[in-house]
Amino acid sequence: EVQLVESGGGLVQAGGSLRLSCTVSGITLDQNGVAWFRQAPGQDQEGVACVSRGSATTYYKKFVKGRFTISSDNAKNTVYLQMNNLKPEDTAVYYCAADPAEYFCSRYGIIEYGMDYWGKGTLVNVSS
């Protein structure tokens with residue numbers, strides 16, 4: 001059974017940092033790319049960042065570039081999202097998703113829908 005479990009969310013003041021973790025089981029990170037998505041209350045889900053399988057490529061949406069960093073630790077089966085200089089508009093439930101198809105994550109962008117495996121999310125709340 002494939003499972004993705006997010007952790008690391010919480011309440012933080014604007015300008016602060018959090019590190020989210022996405023721990024996968026039943027799949028390997030050298031065979032699956034992982035993306036982080038978020039959904040704020042009343043808004044559509046949006047992609048945030050992704051890392052391709054084997055960590056060959058990373059991609060960041062413009063609104064997090066320079067503030068967020070995605071990384072993988074294959075030995076721990078975990079993908080991290082380091083979030084610095086957080087803003088109130090970053091408040092959302094953050095989800096990770098994984099898929100073996102390479103086209104979901106490239107240097108051109110993230111395919112926003114259709115990834116095979118999803119976690120249940122972790123809440124990030126940034127206060128002003």
Side-chain angles (χ1 to χ4, degrees):
E1 181 188 5
V2 176
Q3 285 192 319
L4 279 66
V5 179
E6 302 95 337
S7 61
L11 175 64
V12 64
Q13 287 190 328
S17 298
L18 285 173
R19 188 177 78 159
L20 304 184
S21 300
C22 172
T23 301
V24 308
S25 58
I27 58 173
T28 61
L29 295 179
D30 59 347
Q31 295 294 323
N32 287 267
V34 172
W36 284 96
F37 295 84
R38 69 187 187 185
Q39 187 165 22
Q43 296 189 24
D44 292 336
Q45 175 184 287
E46 60 184 355
V48 175
C50 66
V51 56
S52 64
R53 65 185 197 190
S55 302
T57 303
T58 58
Y59 176 84
Y60 299 90
K61 282 289 189 73
K62 195 174 179 180
F63 52 80
V64 301
K65 206 166 186 179
R67 300 189 297 126
F68 291 10
T69 303
I70 191 169
S71 61
S72 292
D73 186 334
N74 286 13
K76 295 183 178 180
N77 292 325
T78 300
V79 172
Y80 302 100
L81 186 68
Q82 177 67 44
M83 306 187 296
N84 298 328
N85 191 21
L86 283 160
K87 305 176 181 180
E89 52 264 42
D90 294 318
T91 294
V93 177
Y94 283 71
Y95 301 89
C96 63
D99 198 286
E102 291 201 64
Y103 59 79
F104 279 102
C105 180
S106 74
R107 62 192 179 101
Y108 301 110
I110 305 168
I111 301 298
E112 300 272 348
Y113 297 98
M115 294 185 81
D116 276 351
Y117 312 113
W118 289 81
K120 294 184 178 180
T122 185
L123 176 63
V124 172
N125 194 343
V126 184
S127 64
S128 55

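The first residue of the sequence shown is numbered 1, and numbering continues consecutively from there.
How far CZ of R38 is from CD of E89: 8.0 Å, rounded to the nearest 0.5 Å. From N32, atom CG reaches atom CG of L4 across 8.5 Å, with rounding to the nearest 0.5 Å. From T91, atom OG1 reaches atom CD of Q43 across 10.5 Å, with rounding to the nearest 0.5 Å. A distance of 11.0 Å separates CG in D99 from SG in C105, rounded to the nearest 0.5 Å.
Considering every non-hydrogen atom in both P88 and S128, the closest pair reads CG-CB, 3.8 Å. Closest heavy-atom contact between L29 and N77: CD1-C, 3.7 Å. A pairwise comparison of heavy atoms in Q45 and Y113 identifies O-OH, 3.9 Å as the closest pair.
V5 and Y80 are assigned to two separate hydrophobic clusters, defined by single-linkage of ILVMFWY side chains at heavy-atom distances under 4.5 Å. Taking hydrophobic clusters as Ile, Leu, Val, Met, Phe, Trp and Tyr residues chained together by side-chain heavy-atom distances below 4.5 Å, L81 shares a cluster with V64.
No more than 12 heavy atoms of other residues, nucleotides or ligands sit less than 6.0 Å from atom OH of Y108.
M83 has its side chain within reach of V124: a pair of non-hydrogen atoms, C-beta onward, lies under 4.5 Å apart. Two residues are said to be in side-chain contact when any heavy atoms from C-beta on lie closer than 4.5 Å; K61 and F68 fail this criterion.
Remark: R53 engages E102 in a side chain to side chain donor-acceptor pair (under 3.5 Å) (not counting sequence neighbours).
Under the 4.5 angstrom side-chain criterion for Ile, Leu, Val, Met, Phe, Trp and Tyr, the cluster partners of Y103 are F37, Y59, V93, Y95, F104, I110, I111, M115, W118, L123.
No side-chain donor-acceptor contact under 3.5 Å links Q39 to the backbone of A92.
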Which donor-acceptor pairs under 3.5 Å do the side chains of residues 7-28 make with protein atoms, sequence neighbours left out?
from : atom 1 : to  : atom 2 : distance (Å)
S17  : OG     : N84 : OD1    : 2.9
T23  : OG1    : T78 : OG1    : 3.1
T28  : OG1    : D30 : OD1    : 2.6

